[in-house]
Asks: 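I'd like to ask some things about the structure below.
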Amino acid sequence: MKAMVLQFYQKSVPVFRYHANADIQALRRKVNELKYDFMFRKRWRRIVSIDLGSEVAIFKYSDGTKLYLEVVIGARGDVNGDAADIQSIR
């Protein structure tokens, strides 16, 4: 499995695709939506790797914890993505 790299705020993180329909561009858009969220940027420093499935990204932290983030844009009918998922990481 070939790892891709997601670069955000001067840190590069390897992204492993675990599904044929996994979309790295959707992940980049979702992370870009969170660029003004201070808590996400603070946690971004501790991310070791990202596992990307068809609809979800699993962020693995250095202490072993995981964050599940839905990356499908408009999955619940929102035009701008899911605002509820942005709030769930706090």
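Here the structure is a predicted model, which means the values were calculated and not measured. Scope of the values below: all heavy atoms of this structure, side chains included, with no hydrogens, waters or symmetry mates.
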Asks: Might you point out which heavy atoms bring Ser54 and His19 nearest each other, and give the distance in Å?
Replies: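 Scanning both residues completely, I find the closest heavy atoms to be CB-ND1, 3.4 Å.
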Asks: Within the structure provided, determine whether Val56 and Val71 are in side-chain contact (heavy-atom separation under 4.5 Å).
Replies: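 No, their side chains stay 4.5 Å or more apart.
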Asks: Does some side-chain heavy atom of Arg46 sit less than 4.5 Å from a side-chain heavy atom of Asp63?
Replies: yes
Asks: Minimum heavy-atom separation for Phe8 and Trp44, please, with both atom names.
Replies: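 So the minimum-distance heavy-atom pair works out to O-NE1, 2.8 Å.
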Asks: Answer yes or no: is there a side-chain heavy-atom contact under 4.5 Å between Tyr61 and Ile47?
Replies: yes
Asks: With a 4.5 Å heavy-atom cut-off, do Lys11 and Leu6 have their side chains touching?
Replies: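 No. Closest side-chain heavy atoms not under 4.5 Å.
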Asks: Output the distance between atom CG (Leu69) and atom CD (Glu33), rounded to the nearest 0.5 Å.
Replies: 9.0 Å
Asks: Just how far is it from atom CD1 of Ile50 to atom CZ of Arg17, taken to the nearest 0.5 Å?
Replies: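 That separation rounds to 14.0 Å.
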Asks: What are the two closest heavy atoms between Val48 and Pro14, and how far apart are they?
Replies: O-CD, 3.4 Å
Asks: Using a cut-off of 6.0 Å, state whether more than 12 heavy atoms not belonging to Tyr9 lie near its atom OH.
Replies: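 Count over threshold, so yes.
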Asks: Rounded to the nearest 0.5 Å, how far does CG of Asp23 lie from CZ of Arg29?
Replies: 6.0 Å
Asks: Nearest 0.5 Å, please: how far is CZ in Arg41 from OH in Tyr36?
Replies: 9.0 Å
Asks: Less than 4.5 Å apart, any side-chain heavy atom of Ile58 and any of Leu67?
Replies: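 Not touching, per the 4.5 Å side-chain cut-off.
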Asks: Report yes if the side chains of Tyr68 and Phe59 come closer than 4.5 Å at any heavy-atom pair, otherwise no.
Replies: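 Contact flag for Tyr68/Phe59 side chains = no.
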Asks: Rounded to the nearest 0.5 Å, what separates atom CD in Gln10 from atom CZ in Arg45?
Replies: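 Result: 10.5 Å between the selected atoms.
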Asks: Can you measure from CZ (Phe40) to NZ (Lys35) and round to the nearest 0.5 angstrom?
Replies: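 Spacing of CZ (Phe40) from NZ (Lys35) equals 12.5 Å.
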